[in-house]
Amino acid sequence: LSGDSAGPDGDNALQLLRCELAVSTCQHFSPELEDSAISAFVIHPLEGSLLLADSSMGELLKVNREGEIVARTTAPLPSHPVLRLHGGLLLMNSADGPGISVLRYEDSAFGQQLDEILLLPPAAQQTDQSTVRNFLWSGNSWWVSLQNPESGSIGLYRFDKEWNYLD
C-alpha cells in the first residue's frame, strides 16, 4: 500500500506501508525504506518482490517480501515514473522523451537498460506530446498517454505488442 506519511520536514511524502486491515493499523513496509519517497512501484506476481522508483534519490530498488533491499541502482527517472512488468522485462516511461525504457529486473543485473522504445505517433508529433504520462497493456494492445509538457494537452495512443503504432 502506498500512502501519505508526514515527513520530518512536515512534507507529505508517499511511503510504502504494510497494513493490517482487520485492526486498521499501518506501519512502514521496511525500515530500510523509511527515508525513501516511493514514486512508483510494481509487484512481481510470481515471487512477490517489489520493484520501486525513488525519484528523490534517482534510484530503482528491488525489495523482497520481508522488506529487505536486494538490489538497487541509480537511473534517470522521469518526474512521474510508471513501472510495468511485461514479458519478463521491467518497463518504465523514459526520462528523455516519448519513449519506454526496457530494463532487466533480476538481482544480478537489476536496472540494466536493454532498449529504448521511441513512440512517435503522427498526431503526438504534431501537438508536441513528447512525455509518456502512463502506459498499460490491455486488450492485446499497449495504450499510452502522451502529454505536451508545455500546454498540458494529452493524447491516448494504441500500439501493438511490438510497439508499432495502430491508432
Side-chain angles (χ1 to χ4, degrees), residues 1-2 13-16 29-30 32-33 35-150 154-167:
L1 173 66
S2 179
L14 288 179
Q15 296 290 320
L16 204 57
F29 178 75
S30 166
E32 291 183 79
L33 299 174
D35 295 329
S36 300
I38 305 304
S39 19
F41 72 94
V42 64
I43 300 171
H44 189 289
L46 299 178
E47 64 184 45
S49 64
L50 285 91
L51 308 173
L52 313 166
D54 181 347
S55 290
S56 67
M57 298 298 291
E59 289 185 324
L60 293 172
L61 302 115
K62 184 175 183 180
V63 180
N64 65 18
R65 289 178 184 218
E66 291 74 38
E68 300 165 338
I69 298 173
V70 295
R72 75 182 332 143
T73 187
T74 58
L77 300 179
S79 58
H80 301 285
V82 176
L83 299 174
R84 303 281 184 241
L85 286 174
H86 189 80
L89 298 168
L90 174 61
L91 306 175
M92 180 176 68
N93 51 330
S94 177
D96 297 324
I100 304 293
S101 299
V102 181
L103 310 167
R104 294 175 66 177
Y105 64 80
E106 62 272 17
D107 297 354
S108 62
F110 182 69
Q112 191 175 83
Q113 187 163 348
L114 297 173
D115 202 355
E116 185 82 10
I117 301 164
L118 194 57
L119 306 175
L120 299 171
Q125 290 180 305
Q126 292 169 356
T127 55
D128 294 325
Q129 294 169 335
S130 60
T131 302
V132 176
R133 291 293 295 171
N134 205 343
F135 65 100
L136 66 99
W137 175 255
S138 179
N140 292 321
S141 296
W142 283 106
W143 296 84
V144 180
S145 63
L146 291 167
Q147 181 177 31
N148 178 314
E150 293 176 18
I154 295 178
L156 181 63
Y157 303 93
R158 189 168 64 102
F159 299 83
D160 69 13
K161 66 181 180 179
E162 295 174 0
W163 294 99
N164 296 305
Y165 173 66
L166 297 172
D167 55 28

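Along the sequence shown, residues carry numbers from 1. Below, all heavy atoms of this structure are taken into account, side chains as well, without hydrogens, waters or symmetry copies.
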Donor-acceptor pairs are to be reported for all side-chain atoms of residues 78-87 against protein atoms at under 3.5 Å, with residues two or more places apart or in another chain.
residue	atom	partner	partner atom	Å
Arg84	NE	Phe135	O	2.6
Arg84	NH2	Asn134	OD1	2.8
Arg84	NH2	Phe135	O	3.1

Query raised in the report: Counting N and O atoms only, with roles assigned by atom type, does the side chain of Asn64 sit under 3.5 Å from a partner on the main chain of Ser49, one being a donor and the other an acceptor?
Result: no

Query raised in the report: Is any side-chain heavy atom of Leu51 less than 4.5 Å from a side-chain heavy atom of Val42?
Result: yes

Query raised in the report: Got a second to check how far Glu32's CD is from Ile69's CD1, nearest 0.5 Å?
Result: 4.5 Å

Report task. Going by the side chain to side chain contact (heavy atoms under 4.5 Å, CB included) test, name the single residue among Asp167, Leu166, Leu119, Ile117 that passes it with Phe159. Result -> Leu119

Report task. May I ask you to decide if Arg133's main-chain N or O and Gln147's side chain share a donor-acceptor pair within less than 3.5 Å? Result -> no

Query raised in the report: Does Val63 reach the side chain of Val70, with side-chain heavy atoms less than 4.5 Å apart?
Result: no

Query - Sub-4.5 Å side-chain heavy-atom contact between Leu77 and Leu60 - result: yes

Requested in this report: Test side chain to side chain contact (heavy atoms under 4.5 Å, CB included) on Leu52 and Leu16 and set out the steps.
Outcome: CA-CA 10 Å; Leu52 313 166; Leu16 204 57; 3.8 Å; yes

Query raised in the report: Taking side chain as C-beta onward, heavy atoms only, is Thr73 less than 4.5 Å from Leu61?
Result: no

Query raised in the report: Do Val132 and Val144 have side chains that get closer than 4.5 Å, going by heavy atoms?
Result: yes

Query - Minimum-distance pair of heavy atoms, taken over all atoms of Leu156 and Ser145 - result: CD1-N, 4.2 Å

Report summary line: To the nearest 0.5 Å, atom CG of Leu50 lies from atom CD1 of Ile43 at 5.0 Å

Query raised in the report: Between the side chain of Trp142 and the main-chain N/O of Arg158, is any donor-acceptor distance below 3.5 Å?
Result: no

Report summary line: Residue pairs passing the salt bridge (Lys or Arg N to Asp or Glu O under 4.0 Å) test with at least one member in residues 64-78, sequence neighbours excluded, are Glu59-Arg72

Report task. Dump the intermediate steps for side chain to side chain contact (heavy atoms under 4.5 Å, CB included) on Ile38 and Phe29, then the final yes or no. Result -> CA-CA 11 Å; Ile38 305 304; Phe29 178 75; over 6 Å; no

Report summary line: Value for OG (Ser130) from CD (Glu150), rounded to nearest 0.5 Å, stands at 8.0 Å

Query - Where Asp128 and Pro149 come nearest, the two heavy atoms and their spacing - result: O-CD, 3.7 Å

Query raised in the report: Would you find a donor on one side and an acceptor on the other, under 3.5 Å apart, between the side chain of Tyr157 and the backbone of Trp143?
Result: no

Ignoring hydrogens and angles, write down the donor-acceptor pairs under 3.5 Å from the side chains of residues 96-111, residues two or more places apart or on other chains.
residue	atom	partner	partner atom	Å
Ser101	OG	Glu116	OE1	2.8
Arg104	NE	Glu106	OE2	2.4
Arg104	NH1	Gln112	OE1	2.9
Arg104	NH2	Glu106	OE2	2.4
Tyr105	OH	His44	NE2	3.3
Asp107	OD1	Lys62	NZ	2.9

